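Just so you know, ligand 1 is whichever comes first in the structure, and atom 1 is the first atom listed for that ligand. A quick note: this is a predicted structure, and the numbers were derived from the prediction, not measured.
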Amino acid sequence: MEVRARAPGKIILAGEHAVVHGSTAVAASIDLYTYVSLSFPPHSDSDGMLKLHMKDVHLELCWPVDRIKEVLSELGRQIPSSPASCSPEALKLIAALVEEQNIPEANYSLAGGVSAFLWLYTSIQGYKPAKVVITSELPLGSGLGSSASFCVSFSAAFLALSDSVNLDRSHQGWSMFGEKELELVNKWAFEGEKIIHGRASGIDNTVSTYGNMIKFRSGELTRLKSNTSLKMLITNTKVGRNTRALVAGVSERTVRHPNAMASVFKAIDSISNEVAEILQSPSHDESAITEKEEKLGELMEMNQGLLQCMGVSHASIETVLRTTLKYKLATKLTGAGGGGCVLTLLPTLLSGTLVDKVIAELEACGFQCLIAGIGGKGLEISFDSSS
Ligand SMILES: Nc1ncnc2c1ncn2[C@@H]1O[C@H](COP(=O)(O)OP(=O)(O)O)[C@@H](O)[C@H]1O
Ligand SMILES: C[C@@](O)(CCOP(=O)(O)O)CC(=O)O
Ligand SMILES: [Mg+2]
């Protein structure tokens, strides 16, 4: 039996970083997915190994399960029956298991992801030999939530073949988990995301699990019934960055300037709530749509200014801002910033020729542009009993 899980990436329309400090944020899933497959070798073929093949980064890792058990037994740990945080002691032991793999220096930022994988696998499946393969349509470390879709698809695959969920494994093709299972996946994925981000709000794993468009504040999810079909240009500056470091930078600034940062977070909370209201308001006719788009554009610009205040913009992001401003288009970074991806609102009435011109100008700067479907499906799984 093999199970496959796929979970989408996301864009944050308003509120990134501030959401880590308790403000409201608004996010939507995008139609780019991370895929995980999990299979157990038949007893006769088992070499007692846990194998992880990360196709996008051309890495194949492998641990004897007895070695994992030996190292983690120091914790005297029982397999938890419900989602549990990885303690600093456990993280240290897991980091030692990751280090034994001699991951090349250039791939070092992957270590957090591998640690999250080991924590989720051993917590949900214990010490069973298995083969796990991951591949993604998302650019990694670019603000489109690859880390969350990584954690959601791992958690879903591990839970799907565990005793903790009751599923019809004879179903053919992609299917959805029930509400109870989604909640469990989301909680586990959050534990993984915390290992990768250091401090995580939970918005990315939540929108990857449930899909659509959501408003999120302090762990509370509100599903939005959007009346607006949004078109966003996503520009990948291709400047590498690391969410963990950027989130830590904002926290340090908050310690240095608590009052000023509290005002910034409060302003962002208002922006996100207004964005959510606009998205849900009716769009009777063309003029109502234009009015909504103008308001959304203005709020995006305000949010970008405040992200700059937090110190998470970047010269490459400013170049995208300057370029799109020439066409009177509103732009903000999405995700952790510091490079990565930037969103530009494309109004419904904007001509195709103009969109092509903006894209050509951005690509001439060395950036990569894409237009993804927004607000689609969340997590799905599929069983293959032939393997
Ligand atoms: N397909 C993948 N293969 C291997 N590692 C991945 C994959 N997707 C995500 N990751 C992990 O997530 C990290 C990137 O997460 P992060 O810095 O939060 O950026 P983002 O979530 O915006 O893509 C990578 O360094 C890696 O540890
Ligand atoms: C900066 C933050 O708000 C979003 C990070 O998104 P990403 O990892 O850059 O895709 C962090 C979080 O909410 O956990
Ligand atoms: Mg991330």
So which bit of Ser142 gets within less than 4.0 Å of ligand 1, heavy atoms only: side chain, backbone, both or neither? backbone
Strictly under 4.0 Å, does any heavy atom of Asp56 approach an atom of ligand 1? yes
Check each atom of ligand 1 against the heavy atoms of Leu140 and keep those under 4.0 Å away; list them by number with element. 1 (N), 2 (C), 3 (N), 6 (C), 7 (C), 8 (N), 23 (O)
Polar contacts were defined as any N/O atom of the residue lying under 3.5 Å from an N/O atom of the ligand; does this apply to Arg244 and ligand 1? no
What atoms in ligand 1 come closer than 4.0 Å to a heavy atom of Ser109? 25 (O), 27 (O)
Would you check if the side chain of Gln368 reaches a backbone N or O of Thr237 as a donor-acceptor pair within less than 3.5 Å? no
Ligand 1 contact by Gly335, heavy-atom criterion under 4.0 angstrom: no
May I ask you to list the atoms of ligand 1 that are less than 4.0 angstrom from any heavy atom of Met54? 4 (C)
Does an N or O anywhere in Ala336 fall below 3.5 Å from an N or O of ligand 2? yes
Here the gap from Ile268 atom CD1 to Met261 atom CE, rounded to the nearest 0.5 Å, amounts to 8.0 Å
Could you pull out, from Ser115, Ser147, Gly113, the option with a heavy atom nearest to atom 12 (O) of ligand 1? Ser147
Flag Thr243 as yes when one of its N or O atoms lies below 3.5 Å from any N or O atom of ligand 2, and as no otherwise. yes
Please find the pair of heavy atoms, one from Lys187 and one from Pro83, that lie closest to each other, and give the distance. CB-CG, 3.5 Å
Residue Thr243 vicinity, atoms of ligand 1 by number, heavy atom under 4.0 Å: 16 (P), 17 (O), 18 (O), 19 (O)
Would you name the N/O/S atom of His197 that lies closest to the Mg ion (ligand 3)? NE2
Is it the side chain, the backbone, both or neither of Leu144 that has a heavy atom closer than 4.0 Å to ligand 1? backbone
Out of Gly338, Ser201, Gly335, whose heavy atom is nearest to atom 12 (C) of ligand 2? Ser201
When you compare ligand 2 with Arg199, is there at least one nitrogen or oxygen pair between them that comes in under 3.5 angstrom? no
Taking side chain as C-beta onward, heavy atoms only, is Cys369 less than 4.5 Å from Leu233? yes
Shared hydrophobic cluster, Leu345 / Ile30 (ILVMFWY, side-chain heavy atoms < 4.5 Å): yes
Regarding Thr24 and Ser272, is there a side-chain donor-to-acceptor distance under 3.5 Å anywhere? no
Decide whether an N or O pair under 3.5 Å exists between Gly141 and ligand 1. yes
Quick one: CG on Asp204 to CZ on Phe190, what's the gap to the nearest 0.5 Å? 10.5 Å
One residue to check: His197. Relative to ligand 1, which of side chain, backbone, both or neither has a non-hydrogen atom less than 4.0 Å away? side chain
At the 4.0 Å heavy-atom cut-off, does Lys55 count as touching ligand 1? no
Does any N, O or S atom in Ser147 come within less than 2.8 Å of the Mg ion (ligand 3)? yes
Here the atoms of ligand 1 under 4.0 Å from any heavy atom belonging to Gly143 are 22 (O)
Candidates Glu301, Glu298, Glu16 - the one meeting salt bridge (Lys or Arg N to Asp or Glu O under 4.0 Å) with Lys332: Glu16
Got a sec: does the CG of Asn166 have more than 12 other heavy atoms crowding it under 6.0 Å? no
Under 3.5 Å between any N/O of Glu193 and any N/O of ligand 2: does that happen in this structure? no
Considering distance alone, does some N or O of Gly143 sit under 3.5 Å from an N or O of ligand 2? yes
